[in-house]
Amino acid sequence: MDGSHTVDGGFTSNSKTDREFALWRAYRSIDIANELGCDKIVLWLAREGTLCAESKNTIEGVKQIVDAINKMLQYDPKIKVLIESKPDEPIDRSFCGTMGHVMAVSSATVDPSRVGGLLESAHAILAGLTLPTKLPLDWPLENCGGCI
């Protein structure tokens with residue numbers, strides 16, 4: 001598999017070919033999840049952003065992420081998409097850097113009830129956040145329908 005297709009962020013790449021590759025890979029992941037009897041996939045959007053603010057239009061990038069998720073939801077009516085927020089690693093200007101960003105993206109999809117966030121701690125620690133300050137901000141989202 002050629003990793004050069006996703007080095008600039010697969011879903012938000014400036015290259016249409018790279019965006020198509022990322023979507024093909026997402027469909028393949030959904031197919032694998034189905035074979036394993038799993039109804040959830042995790043989107044690790046670590047490269048969906050930019051190291052150089054001028055290289056991508058943030059509004060267009062978020063629209064591209066929402067469009068890709070909508071296509072995944074339409075591809076499989078049972079699948080649920082969990083987005084793992086990435087604060088600043090490996091891209092320092094991430095389009096889904098916090099759980100708040102994740103919930104905003106979720107709310108813009110065709111079926112927000114099937115798009116939520118993956119709560120995890122390792123990357124928060126790497127970003128210099130502590131569990132007592134990060135998790136209390138994430139847990140209340142369970143009450144607003146964002147966690148599936």
(request) Decide yes or no for Cys96 and Ser85: does some side-chain heavy atom of the first lie under 4.5 Å from some side-chain heavy atom of the second? (result) no

(request) Quick one: closest heavy-atom pair of Leu82 and Lys40, and the distance? (result) CD1-CD, 3.9 Å

(request) Report yes if some heavy atom in the side chain of Phe11 is under 4.5 Å from a heavy atom in the side chain of Leu45; otherwise report no. (result) yes

(message) Give me each pair satisfying salt bridge (charged side-chain N to carboxylate O under 4.0 Å, His left out) with a member in residues 62-74, each pair once, sequence neighbours excluded.
(response) Asp67-Lys71

(message) If you compare all heavy atoms of Lys78 against all heavy atoms of Arg114, which two are closest, and at what distance to 0.1 Å?
(response) N-NH2, 4.0 Å

(message) To the closest 0.5 Å, what do you measure between CG (Asp18) and OG1 (Thr12)?
(response) 10.0 Å

(message) My understanding is that only residues two or more places apart in sequence, or in another chain, count here; which of them pass side-chain hydrogen bond (donor to acceptor under 3.5 Å, both in side chains) with Asn70?
(response) none

(request) Kindly say whether Arg25 contributes a backbone atom to a donor-acceptor pair with the side chain of Ser29 at under 3.5 angstrom? (result) yes

(request) Report, as yes or no, whether the 6.0 Å neighbourhood of atom CG on Leu36 holds more than 12 heavy atoms from other residues, nucleotides or ligands. (result) yes

(request) Indicate if Ile30 and Val110 have the same hydrophobic cluster label, given that clusters are the connected sets of ILVMFWY residues with side-chain heavy-atom separations under 4.5 angstrom. (result) yes

(request) For ring-ring contact (aromatic ring centres under 6.0 Å, His included), just list the numbers for Phe21 and Trp24, CA-CA rounded to whole Å, side-chain angles, deciding distance to a tenth of an Å, and then say yes or no. (result) CA-CA 5 Å; Phe21 174 82; Trp24 168 82; 5.7 Å; yes

(request) State the CD1-CG distance between Ile79 and Asp39, to the nearest 0.5 angstrom. (result) 6.5 Å

(request) Report yes or no: does Ser107 contribute a side-chain atom to a donor-acceptor pair with the main-chain N or O of Ala104 at less than 3.5 Å? (result) yes

(request) Give, for atom CE of Met72 and atom OG1 of Thr109, the distance between the pair rounded to the nearest 0.5 Å. (result) 11.0 Å

(request) Heavy atoms only: give me the nearest Ile65-Phe95 pair and the separation to one decimal. (result) CD1-CB, 3.9 Å

(request) Please name the pair of heavy atoms, one in Ala33 and one in Ile41, separated by the smallest distance, quoted to 0.1 Å. (result) CB-CG2, 3.9 Å

(message) Nearest 0.5 angstrom please: Asp111 CG to Ile69 CD1, how far?
(response) 12.0 Å

(request) Apply salt bridge (charged side-chain N to carboxylate O under 4.0 Å, His left out) to Glu60 and list each qualifying residue two or more places apart in sequence or on a separate chain. (result) none

(message) Applying a strict under-4.5 Å side-chain criterion to I, L, V, M, F, W and Y, I'd like to know whether Tyr27 and Val66 cluster together.
(response) yes

(request) List in chain and number order the residues that pass side-chain hydrogen bond (donor to acceptor under 3.5 Å, both in side chains) with Tyr75, two or more places apart in sequence or in another chain; answer none if no residue qualifies. (result) Asp31

